[in-house]
Protein chains: 2
Amino acid sequence: MELTEARQKFIEAWGKLGSEWGINRTMAQVHALLLISPEALTTEEIMESLSISRGNANMTLRDLINWGLVEKQHKPGERKEYFFADKDVWNIARQVAKERRKRELDPVIKILDELSKVQGDAKDPAFKTFNKSVTDINKLAKNVDKTLETMIKADENWFWSSVLKIFK
Amino acid sequence: MELTEARQKFIEAWGKLGSEWGINRTMAQVHALLLISPEALTTEEIMESLSISRGNANMTLRDLINWGLVEKQHKPGERKEYFFADKDVWNIARQVAKERRKRELDPVIKILDELSKVQGDAKDPAFKTFNKSVTDINKLAKNVDKTLETMIKADENWFWSSVLKIFK
DNA sequence: ATAAACTTTCATTATATTTTGAAAGTTCGA
DNA sequence: TCGAACTTTCAAAATATAATGAAAGTTTAT
């Protein structure tokens with residue numbers, strides 16, 4: 001396989017994985033493109049490479065910037081904006097973990113905390129079952145939350161050597 | 001808050017979280033309903049509870065069965081099928097991890113392995129950047145894979161006490 | 001063999017999400 | 001202050017995803 005084809009496959013695979021995990025396919029593809037681009041790219045180049053419209057490119061890049069995965073660059077003497085992706089995969093993983101935790105896990109934990117407090121008749125099977133499921137999910141969610149928090153703060157080598165050491 | 005309202009909130013929250021993570025909202029809601037139902041339910045009851053059509057209920061239940069989260073039950077002397085969800089939250093988490101690993105992570109790792117092998121000019125920045133990103137992502141993906149494999153096999157208490165011990 | 005009870009299918013419809021592109025907005029040099 | 005270069009917006013269109021429900025299929029008791 002040669003580079004051009006391989007790059008294409010990478011962009012496709014990343015887009016597919018993204019869409020399976022609730023991330024817009026185009027956003028994942030733009031990210032993939034920037035990940036394998038040694039230089040920062042202009043909006044034009046991204047539009048061209050992925051055959052997407054200006055509006056789509058613009059919004060997608062803004063989202064990527066909000067996710068902390070991409071940044072704008074300016075070249076001296078040029079008006080155009082260039083976009084560049086952090087290539088440190090551990091940083092990327094941490095950043096994604098951080099954002100998804102904030103946007104999705106935290107709100108759910110808040111609701112589960114409320115629902116855990118709901119009082120009811122200890123003899124009512126409907127209440128017992130509700131209470132058990134909610135409480136158990138809440139505990140699990142909090143364990144995940146703590147693990148993510150650690151990961152977000154952690155150094156990559158330390159993190160994986162600790163985790164994998166347990167499991168050997 | 002009383003039970004009826006709380007149940008409703010739980011179903012909503014679970015549906016929302018599911019849809020953010022690439023799982024059909026209705027599927028997550030049916031699962032939530034079964035999770036808080038002490039008894040197995042019929043298709044009719046599920047349709048009624050969630051205001052969904054027969055076809056939708058049928059397909060969603062089949063999917064949940066394929067995910068290993070729900071099973072059919074038969075009551076003696078009755079033709080009707082009843083549906084019941086495993087209430088063990090750790091089993092559920094493992095089952096979801098297992099399925100998503102198989103359906104999504106494994107195929108991606110396969111592609112990354114191929115792409116890691118692509119040869120190129122070590123002086124070409126395009127090749128160097130491509131190669132580094134692909135290789136690094138591949139390593140990360142394999143660490144995640146190993147961790148999931150361990151989790152899938154693990155006992156809940158052992159797993160969390162090991163993981164959280166590292167991070168205290 | 002029949003029919004009632006129940007389940008499954010799938011073409012059609014509905015909904016949700018994503019994309020487009022032209023117009024409006026902004027910035028900057030002359 | 002003007003206009004060229006560039007960016008952003010957003011209503012409308014396109015696409016993708018999910019839901020409906022009637023018809024077809026299946027099972028079982030008689």
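In the text below, chain A, chain B and the rest are named by the order of the sequence lines, each starting its count at 1.
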S.K.: Lys80(A) has an atom NZ; how far is it from atom P of dT7(D), in whole Å?
M.R.: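 From Lys80(A) NZ to dT7(D) P: 8 Å.
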S.K.: To the nearest Å, how far apart are Met47(B) CE and dT8(C) P?
M.R.: 13 Å
S.K.: Measure the distance from CD on Glu45(B) to P on dT7(C) and round it to the nearest whole Å.
M.R.: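 Going from Glu45(B) (CD) to dT7(C) (P), I get 12 Å.
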S.K.: Examine dA19(D): is either OP1 or OP2 under 4.0 Å from a nitrogen or oxygen in the side chain of Asn24(B)? Give yes or no.
M.R.: yes
S.K.: Could you work out which one of dA5(D), dC10(C), dT20(D) sits closest to the side chain of Ile52(B)?
M.R.: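 So the side chain of Ile52(B) is nearest to dT20(D).
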S.K.: Does CD in Glu39(A) sit with more than 12 non-hydrogen atoms of other residues, nucleotides or ligands closer than 6.0 Å?
M.R.: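 12 or below, so no.
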S.K.: Is the shortest side-chain N/O distance from Asn56(B) to OP1 or OP2 of dA18(D) below 4.0 Å?
M.R.: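 Answer no for this pair, as no side-chain N or O of Asn56(B) is under 4.0 Å from OP1 or OP2.
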S.K.: To the nearest Å, give me how far apart CD (Glu78(A)) and C1' (dT7(D)) are.
M.R.: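 The distance from CD of Glu78(A) to C1' of dT7(D) comes to 15 Å, rounded to the nearest Å.
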S.K.: Classify the angle between the aromatic ring planes of Trp90(B) and Phe159(B) as parallel (below 30°), tilted (30 to 60°) or perpendicular (above 60°).
M.R.: tilted
S.K.: Could you check Lys102(A), Arg101(A), Lys110(A) and say which one makes a salt bridge (charged side-chain N to carboxylate O under 4.0 Å, His left out) with Asp145(A)?
M.R.: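 That would be Arg101(A); it is the only one of Lys102(A), Arg101(A), Lys110(A) passing the salt bridge (charged side-chain N to carboxylate O under 4.0 Å, His left out) with Asp145(A).
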S.K.: Let me know the distance between CD1 of Ile23(A) and C1' of dT17(C), rounded to the nearest Å.
M.R.: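 Rounding to the nearest Å, CD1 of Ile23(A) and C1' of dT17(C) are 15 Å apart.
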S.K.: Starting from P on dT8(C), measure out to CG on Asn66(B) and report it in whole angstrom.
M.R.: 12 Å
S.K.: Could you check which of dT7(D), dC6(D), dA19(D) has an atom nearest any side-chain atom of Arg79(A)?
M.R.: dC6(D)
S.K.: Starting at atom CD of Glu48(B), determine the distance to atom P of dT20(D), rounded to an integer number of angstrom.
M.R.: 14 Å
S.K.: Taking CE from Met59(B) and P from dA11(C), how many angstroms apart are they, rounded to a whole number?
M.R.: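 To the nearest whole Å, that distance equals 11 Å.
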S.K.: Where the side chain of Ser53(A) is defined as all heavy atoms beyond and including C-beta, which of dT19(C), dC10(C), dT8(D) is the nearest nucleotide?
M.R.: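 Selected nucleotide (nearest to the side chain): dT19(C).
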S.K.: With a 4.0 Å cutoff (strictly under), does any side-chain N or O of Lys72(A) reach OP1 or OP2 of dT8(D)?
M.R.: yes
S.K.: Looking at the side chain of Thr26(A), which of dT28(D), dC6(D), dT19(C) is the nearest nucleotide?
M.R.: dT19(C)
S.K.: Reckon Asn58(A) has a side-chain N or O less than 4.0 Å from the OP1 or OP2 of dT8(D)?
M.R.: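 So the side-chain polar atoms of Asn58(A) do come within 4.0 Å of the phosphate oxygens OP1 or OP2 of dT8(D), strictly under.
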S.K.: Taking all non-hydrogen atoms of both residues, which atom of Thr129(A) and which atom of Leu35(B) are closest, and how far apart?
M.R.: CG2-O, 3.5 Å
S.K.: For Glu44(A) and Arg25(B), find the nucleotide of DNA chain D closest to each by heavy atoms; which residue's nucleotide sits nearer the 5' end?
M.R.: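 Looking at DNA chain D, the more 5' nearest nucleotide goes with Glu44(A).
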S.K.: How many angstroms lie between atom CD1 of Ile23(B) and atom CH2 of Trp14(B), to the nearest 0.5 angstrom?
M.R.: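 It comes to 9.0 Å.
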S.K.: With a 4.0 Å cut-off on heavy atoms, is Thr42(B) in touch with a base, just the backbone sugar-phosphate, or nothing at all?
M.R.: nothing
